[in-house]
Amino acid sequence: MGNQFRTLMLLTALTLLIVFLGKLLGGSQGMLIALIFALAMNLGTYWFSDKIVLAMYRAQTVSEHEAPELYRIVRELALQAGLPMPKVAIIPSETPNAFATGRNPNKAVVAVTEGILRLLTTQELRGVLAHELAHIKNRDILVGTIAASLAGAIMFIADMLRWGALFGGFRGSDDEDGGGVGILGAMMLSIVAPLAAMLIQLAISRSREYLADETGAMISRNPLGLAAALEKLAIASHRLPMVEAKPATAHLFIVNPLSGGALVNLFSTHPPIEERIRRLRAMAR
């Protein structure tokens, strides 16, 4: 419940930020336009998320005949999770990783790389697949789309603030009484607001990863299997980063597929692997 509550609070913070910026633009009309614009942009991504991401990584759906062991594990875990059997896909990449996508449990796809199938033991692979099914069970694609829509609306409003301030068209709601934010304040908000929105969006993504670890451990009934898998994946993905990975889809993977230093880690969509492993081991105890 802790991660669910944190997600709700973060989404509320994004919503309040939109309301605040909308008020600065002179009421709710600008806020509503921005929200509709962002929703329209993200709705298409949400609706066709499975096809877009699978094509991006050249993932091929496979039949039970082609991957019997993988199918068996996914079917068993889906049954334990109370989910319909998702499609199964394999990504032609030696970097060990996995993701789940699809707008709802009936349209879900679980994709794994060739590298992860070679690296992990059966119990470790069960932990990874349970984690991905947890994302499906927890509707994380929907939550991520809502967060992206709200963040997109904030960035749109911030752009309006910035251009309004540059061309003298912005006036705070109480400018005539000396209470408005003024041009300088509008410029500052146009910079700070998108940064705040991005950080909140990243925090939501990290909360959902913790929740998927917890739910996945319960589905597989083996927290240590997932912990061992994360340990291996962290080392392997560092040695062999996924060169074809895109920042826009990095949050989908079980471990961050992007390589980088401290700055990249600061703005990572994933919580620290060490903390994830610590929590899983604590669950086992």
Donor-acceptor pair, side chain of Asn97 and main chain of Val255, under 3.5 angstrom: yes
Can you check whether Ile52 reaches Thr249 side chain to side chain, under 4.5 Å on heavy atoms? no
Indicate the atoms forming the closest heavy-atom contact of Ala250 with Asn256, along with that distance. CB-OD1, 4.0 Å
Check: Gln80 side chain, Ile219 main-chain N or O, donor-acceptor pair, under 3.5 Å: yes
So, for Ile91 and Ala59, which heavy atoms are closest and what is the spacing to 0.1 Å? CG1-CB, 3.8 Å
Does Lys246 use its side chain to pair, donor to acceptor, with the backbone of Glu244 at less than 3.5 Å? yes
Answer yes when Glu214 and Arg279 have at least one side-chain N-carboxylate O distance shorter than 4.0 Å, and no when they do not. no
Is a salt bridge present between Arg281 and Glu231, judged by a nitrogen-to-oxygen distance below 4.0 Å? yes
Identify the two heavy atoms, one from Leu129 and one from Ile73, that lie closest to each other, and give their separation to 0.1 Å. CD1-CG2, 3.6 Å
Looking only at non-hydrogen atoms, find the nearest pair between Ile116 and Ala98 and report the distance. CD1-CB, 4.3 Å
So, do Ser93 and Met242 sit near enough that their side-chain heavy atoms are less than 4.5 Å apart? yes
Would a 4.5 Å heavy-atom cut-off, applied to side chains only, mark Leu117 and Ile90 as touching? yes
Would you call Arg278 and Glu275 a salt bridge, taking side-chain N to carboxylate O under 4.0 Å as the test? yes
Does some side-chain heavy atom of Thr95 sit less than 4.5 Å from a side-chain heavy atom of Val243? no
Verify the cluster assignment for Leu226 and Val74: are they in a single hydrophobic cluster under the rule of side-chain heavy atoms below 4.5 Å apart? yes
Return yes if a side-chain donor-acceptor contact under 3.5 Å exists between Glu209 and His131, otherwise no. yes
Residue pair Val88 / Thr61, side-chain heavy-atom distance below 4.5 Å: no
Enclosure of Lys232 NZ (heavy-atom neighbours >12, cutoff 6.0 Å): yes
Under 3.5 Å donor-acceptor, Lys137 side chain and Ala81 backbone: yes
Locate the shortest heavy-atom distance separating Glu132 from Val110; write the atom from each residue and the value. CB-CG1, 4.3 Å
Looking only at heavy atoms, the pair that brings Thr113 and Pro96 closest together is OG1-CA, 3.4 Å
Greater than 12 external heavy atoms within 6.0 Å of Lys51's NZ: no
side-chain contact (heavy atoms from CB on, under 4.5 Å) assessment of Tyr71 paired with Glu66: CA-CA 9 Å; Tyr71 251 80; Glu66 292 170 304; over 6 Å; no
Heavy-atom donor-acceptor pair, Thr215 side chain to Ala212 backbone, under 3.5 Å: no
Do any N or O atoms from the side chain of Arg208 and from the backbone of Asn138 form a donor-acceptor pair under 3.5 angstrom? yes
Does some side-chain heavy atom of Lys107 sit less than 4.5 Å from a side-chain heavy atom of Asn104? yes
Before you tell me yes or no, could you show the steps for Glu76 and Arg72 under salt bridge (charged side-chain N to carboxylate O under 4.0 Å, His left out), namely the whole-Å CA-CA distance, both residues' side-chain angles and the distance that decides it to 0.1 Å? CA-CA 6 Å; Glu76 287 177 3; Arg72 181 186 66 79; 2.8 Å; yes
Below 30° counts as parallel, above 60° as perpendicular, anything between as tilted: where do the rings of Tyr57 and Phe253 land? perpendicular
